Amino acid sequence: MITLALAGKPNCGKSTFFKAATLADAEIANYPFTTIDANHGVGYVRAPCPCTTLALPGGATTCGNCTDGERFIPINLIDVAGLVPEAHTGRGLGNQFLDRLREADAIIHVVDGSGATDAEGNPVGVGEHDPESDIAFLPLEMTMWVQGILAKHWARLLRGAQSKTPVLHAAIAEVLAGLSITVEDVESAVRETGVDLLHADEGGLVEFCGALLRRSKPMIAVANKADQAPDALLDRLREDGVPPATAAGELALRNAAKAGLVTYLPGDPSFAVPDRAGLSKAQAAGLDAIAAVMVRLGGTGVQPALNRAVFELLEQIVVYPVEDETHFADGRGRILPDAFLMRTGATPRDLAFAVHTEIGKSFLYAVDARTRMRIRDTQLLKDGDIIRIVSAAK
Ligand SMILES: Nc1nc2c(ncn2[C@@H]2O[C@H](COP(=O)(O)OP(=O)(O)O)[C@@H](O)[C@H]2O)c(=O)[nH]1
Ligand SMILES: [Mg+2]
């Protein structure tokens, strides 16, 4: 399963974002382990369910595994405790927290977009700290951390390579294997930066490590606490590719949805209140405030951040394996029972392996359920594909 880490300086709202993203209505999440421990949980990406475009058996209108045609697909989320500047030198709990990022496929950098916390995460007045200055800090800390790991081994790596570049690249990948960095990553970072590692100075190594991380731990930033941020600041952050979010707003809405006070699906631009007369004064005022913020921001920004990390950074697509392509169902007649996140460029055989190793090993061919045509193993899967895998496995 895809793993996203929430990282940033203290008090930017990581834990609030984590709680909001992992709090799911039973309607959305039929996944049993929503919270695994305090820092590991299951969140969801949202995708349109293909059932709404299919002629379903018995004239059914939806498949029963989505909510109003919106599919919520589980991903792992990690709440990584706060990092302070210079963490890579061992300040704060630096190394311990950087280590936790190892598990992540991609990182959501939560920034206090309201400027109400200083560089160390201490509360200050709204707008007193420029959030722009926080955006570069996390990639820089991570770069220096990786550079530090390499520096520790560098003399040995150079000796072992005996002036042979491919040997050096392989040895670097081995040292960084715990970060799931491969030789291909190393070579791509060398190509991107043009750094000759055999003769690189510290500056060259830092540049190389930055490129390596951009490739192996891609990152997006979100400007949290946008509810209390001035519009001018949010506009500036947006221009720099950092969209606004209100994790606190999302958390309040998910709680309200769970309590039946509102109808809201994560990622909706607004919500509805079915029984306004039944709300307390405080509840009504709280929900009105959130509604106003959502109009200003176009939603809470939490679901879009998760979706962007998975679909844009990690280039995932959603594929629906079925056993019965005529009814788009599994062996028990459940329509579109599973949704799999797969990397762009995955083939039907990759899907077979994702379903089960044995099915992958004995893969024969696949059928596109929409066209009922056999598709070749070399054909690439497309987002929203419904695929029957035919294998020799019993
Ligand atoms: N106004 C506002 N406050 C928020 C938001 N998200 C978090 N906070 C507040 O910021 C403080 C720190 O939040 P927390 O999630 O513990 O931050 P962490 O240290 O990054 O995990 C708490 O007082 C939260 O209530 C938000 O979207 N808007
Ligand atoms: Mg926290």
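These numbers were taken from a predicted model, which means no experiment stands behind them. Whatever order the structure lists ligands and atoms in, that order sets their numbers, starting from 1.
By the definition of a contact as any protein heavy atom under 4.0 Å away, atom 28 (N) of ligand 1 is in contact. Proximity of atom 22 (C) of ligand 1 to the protein is not indicated, since no non-hydrogen protein atom lies closer than 4.0 angstrom.
A heavy-atom distance below 4.5 Å is not found between the side chains of Lys14 and Phe18. Considering only heavy atoms from C-beta on, Thr53 comes within 4.5 Å of Arg370 through its side chain.
Geometric assessment of Arg374 against the ring of Tyr365 yields a positive cation-pi assignment under the 6.0 Å and 45° thresholds.
Following chains of ILVMFWY side-chain contacts shorter than 4.5 Å, one can reach Leu6 starting from Phe311, so the two form part of one hydrophobic cluster. Hydrophobic cluster membership differs between Val319 and Phe353, with clusters built from Ile, Leu, Val, Met, Phe, Trp and Tyr side chains linked at under 4.5 angstrom. Residues Ile135 and Leu213 fall into different hydrophobic clusters, defined by Ile, Leu, Val, Met, Phe, Trp and Tyr side chains chained together at heavy-atom separations under 4.5 Å. Linking Ile, Leu, Val, Met, Phe, Trp and Tyr whenever their side-chain heavy atoms come within less than 4.5 Å leaves Met142 and Met144 in two separate clusters.
Taking the charged nitrogens against the carboxylate oxygens, Glu323 and Arg332 have no contact shorter than 4.0 Å, which rules out a salt bridge.
The protein non-hydrogen atom at the shortest distance from atom 25 (O) of ligand 1 is Thr16 OG1, 4.4 Å. Residue, atom and distance of the protein heavy atom nearest to atom 17 (O) of ligand 1 are Gly13 N, 3.1 Å. Ranking the protein heavy atoms by distance from atom 2 (C) of ligand 1 puts Asp227 OD2, 3.5 Å first. Among protein heavy atoms, atom 19 (O) of ligand 1 sits closest to Asn11 N, 2.8 Å.
Here the straight-line distance linking atom CD1 of Ile220 with atom CD1 of Ile108 works out to 5.0 Å at 0.5 Å rounding.
The ligand atoms of ligand 1 that sit less than 4.0 angstrom from a heavy atom of Cys12 are 17 (O), 20 (O). Interface atoms of ligand 1 facing Gln228, defined by a heavy-atom separation under 4.0 Å, are 1 (N). Under a 4.0 Å criterion applied to the non-hydrogen atoms of Ser15, ligand 1 contributes the atoms 15 (O), 18 (P), 21 (O).
The two atoms that bring Leu176 and Val146 nearest to each other are CD1-CG1, 4.0 Å, heavy atoms only.
An N or O contact shorter than 3.5 Å is missing between Gly249 and ligand 1 by distance. Ligand 1 has an N or O atom lying under 3.5 Å from an N or O atom of Ala247, backbone or side chain. An N or O contact shorter than 3.5 Å is missing between Asp79 and ligand 1 by distance. In terms of N/O distances under 3.5 Å, ligand 1 is not approached by Ala226.
Under 2.8 Å from the Mg ion (ligand 2) lies an N/O/S atom of Ser15, whether from backbone or side chain.
Contacts between Asn224 and ligand 1, counted as non-hydrogen atom pairs separated by less than 4.0 Å, involve the side chain only. Heavy atoms from both the backbone and the side chain of Thr246 come within less than 4.0 Å of ligand 1.
Closest heavy-atom approach to atom 3 (N) of ligand 1 within the set Lys14, Lys225, Glu250: this belongs to Lys225.
Side-chain atoms of Asp368 do not come within 3.5 Å of backbone N or O of Arg372 as any donor-acceptor pair.
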